[in-house]
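Comments concern the structure below.
Chain naming here is simple, since letters A, B, ... match the order of the sequence lines and numbering starts at 1 in each. Just so you know, these numbers use all the heavy atoms, side chains as well, and skip hydrogens, waters and symmetry mates.
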There are 2 protein chains.
Amino acid sequence: MRLKLTDVAEKAGCSPTTVSRVINNYGYISQKTRDRVYAAMRELNYQPNTLARSLQGKRTKMIGVIMPSITNPFFAELVAAIEDKLEADGYKMLLCDAGQDSNKERRYLRMLEANQVDGIIAGSHNLGIEEYQLYGLPIVSFDRDLSDQVPIVTSDNYQGGCLATQALVDAGCGHVYFVGNPVKTGNPTSRRFDGYADTVAAAGLTVHTARSAFYESPAAKARELRELLTSGRKIDGVFCSDDLTAILLLKEARKLGIRVPEDLKIVGFDGTQLVQNYVPELATVVQPVPDLAGTLVKLLYERIADPEKKLAQNSYLLPVKLLRNQTV
Amino acid sequence: MRLKLTDVAEKAGCSPTTVSRVINNYGYISQKTRDRVYAAMRELNYQPNTLARSLQGKRTKMIGVIMPSITNPFFAELVAAIEDKLEADGYKMLLCDAGQDSNKERRYLRMLEANQVDGIIAGSHNLGIEEYQLYGLPIVSFDRDLSDQVPIVTSDNYQGGCLATQALVDAGCGHVYFVGNPVKTGNPTSRRFDGYADTVAAAGLTVHTARSAFYESPAAKARELRELLTSGRKIDGVFCSDDLTAILLLKEARKLGIRVPEDLKIVGFDGTQLVQNYVPELATVVQPVPDLAGTLVKLLYERIADPEKKLAQNSYLLPVKLLRNQTV
DNA sequence: TATTCTCTGTCAAGCGATTGACATATTTGT
DNA sequence: ACAAATATGTCAATCGCTTGACAGAGAATA
């Protein structure tokens, strides 16, 4: 049988109430008793049943994190950073990999509610805004407008688009393409395109795009990129809306004997540690993963502490950084 | 206020007991009442409080997954596969990223116990075997001998080492190196080296190794590899104990003008989708991630269903597959 | 000495559900 | 028509812990 409060009380030679008081730091307790109780707890390796505590009204200290697949290195690093912060503060993370499955996301949402999580960090884009309204839980969102009651944290995608494109223009590119996800309204990622478009226009150049679905297979994407490069169109610079696409492009270019950066310059987006480590030549726009995680978590704590409090800010736009490298 | 059983009862016009009976499928219930209750639940969007249910004796349907960092694509894919299976069966995953921090792992272990998880999947290597004995919880381990009471699931690392090395030998290599993690006793990963060593010996060749710490920085690792390649030693084949190392080696070789595979052949290990997609030229030994996840989960379910049941097998060795590619 | 503070204990209610015992209808089957 | 099976309700205990009310003892303060 699992140990309970009364076992500790017996061991420490005091009443269960006293043990509870020690644990909850409630009422008058002498240092001597306190020590005796802690000693007993240690000796028995006792852990209070969090279920019972939470049922009684205490926080569960459990946070639901809903994200697209962590097989994408960017989300893996973001989730890892979030997890690390949560753990440091005694929170537990229920990781909900929603993928592209809106039913799964919906199931997860209900599940999190049923499990009385203290709050939710939502980074998936499968469900409509309405579905998130139903739940009276503290929510913070990553990269997604949910409602004006839900703070949104995101990288400055527009600035990133500008920085990347400007770098290409500065490097002398006259035919700069945008390669990436199709524009989806409400998805802040599309701001990367806006930054690109504005910068290209300001430089007196034309907007050229080649979009492909985010979740399309890499092989299919590679084929598309190959076609783009062999289409005969004049291209000397490409801003890819994510690093993985940039890597594919880089590979295809090399296979075709196109020299990077001499003939073609490439800038990616995301700047994960993984890509920085294993494709160090790639120029990219680095999202501030630790800051994103820190902000998300901090805001969530505030919401948990006082769910009614009006938000100082609804939207948090964190600055990105251009990493110049060999591909530009 | 959150809804409770009595709210549903009121809405459905029946007693709380009846509602509970519907939910738990217990006792006699007419189809008509059943429908009415379900309708009321749907209408109110009611979710039974899992805390209360579990406190009362029901399973929490929560599984703790302790793994090294998911920033490593292999673990990310493994965790994603585990998560997917768990979710499909109505389980929730508490993800515990233990990294290399034994204190964190210890904290997580206690936390999982306090949260009454139904079981644990452990893939971290920071804690001694003893620390896992304390907990009377169903545990299944990945890649780690914990005790003969804990089933261990792992890829056939030895076979992988053999396959990789044999491929290099067959391709005509006469000086085959092993590059990878230092041998750690009790770590099944070291079996990769054993496979390498035996195969090299069988071919009448000599064992050569260049080991570096798993968690060393990639930059430092790259330097080491560069030194190895420029040391003047005769090397025409390398078996890397993981793909990331193989990628670094590949890059360093190319930078040095060493042609792969003409001058140097390389085989990696892990074969994640990510690496297959973005470094498709790399020959590697593919770990069967979906099978690993499936086996881990299945075994855990068995342990949960009957923790006392003697294990049919303590150890599950899943076959790996050699992926021949351009680097060999 | 009287008063206040500190410490500890007993007792009981409550968190939201499950489940057994028991009673009472209503519906079947024969 | 009568027993059996089915359907529902009431009531209370329980899961493990928290917390308030209350009492009494010892220590410190006025």
Tell me what [X] touches on the nucleic acid: a base, only sugar-phosphate, or nothing, going by heavy atoms under 4.0 Å.
{"X": "B:Ser30", "value": "sugar-phosphate"}
{"X": "A:Leu51", "value": "nothing"}
{"X": "B:Pro16", "value": "nothing"}
{"X": "A:Thr18", "value": "sugar-phosphate"}
{"X": "B:Thr17", "value": "base"}

Using whole Å, what does the distance between atom [atom2] of nucleotide [N] and atom [atom1] of [X] come to?
{"X": "A:Arg34", "N": "C:dT6", "atom1": "CZ", "atom2": "P", "value": "13 Å"}
{"X": "A:Gln47", "N": "D:dC17", "atom1": "CD", "atom2": "C1'", "value": "14 Å"}
{"X": "A:Leu44", "N": "D:dG16", "atom1": "CG", "atom2": "C1'", "value": "16 Å"}
{"X": "B:Asn24", "N": "C:dG20", "atom1": "CG", "atom2": "P", "value": "11 Å"}

* Asked: Charged N to carboxylate O below 4.0 Å: is that the case for B:Glu302 and B:Lys309?
  -> no
* Are a donor atom and an acceptor atom from the side chains of B:Ser20 and B:Thr17 found within less than 3.5 Å of each other? -> no
Nearest-nucleotide pick for [X], side chain only, options being [options]:
{"X": "A:Asn49", "options": "C:dT8, D:dG16, C:dA17", "result": "D:dG16"}
{"X": "B:Tyr26", "options": "C:dG20, D:dC17, C:dT18", "result": "C:dG20"}
{"X": "B:Ser20", "options": "C:dT18, C:dG16, D:dT8", "result": "C:dT18"}

* Asked: Could you walk me through whether B:Val65 and B:Leu94 pass the side chain to side chain contact (heavy atoms under 4.5 Å, CB included) check?
  -> CA-CA 6 Å; B:Val65 174; B:Leu94 276 170; over 6 Å; no
* Structure fact -> Axis-to-axis angle for the helix from C:dT1-D:dA30 to C:dT30-D:dA1, ends of five pairs each, to 10°, equals 20°
* Carefully, step by step, assess A:Arg34 and A:Asn25 under the rule side chain to side chain donor-acceptor pair (under 3.5 Å). => CA-CA 9 Å; A:Arg34 204 182 292 274; A:Asn25 216 6; 3.1 Å; yes
* **Residues within residues 5-12 of chain A bordering DNA chain D, heavy-atom distance below 4.0 Å** => A:Leu5
* **Short side-chain N/O contact to D:dT6 OP1/OP2 from B:Tyr28, under 4.0 Å** => yes
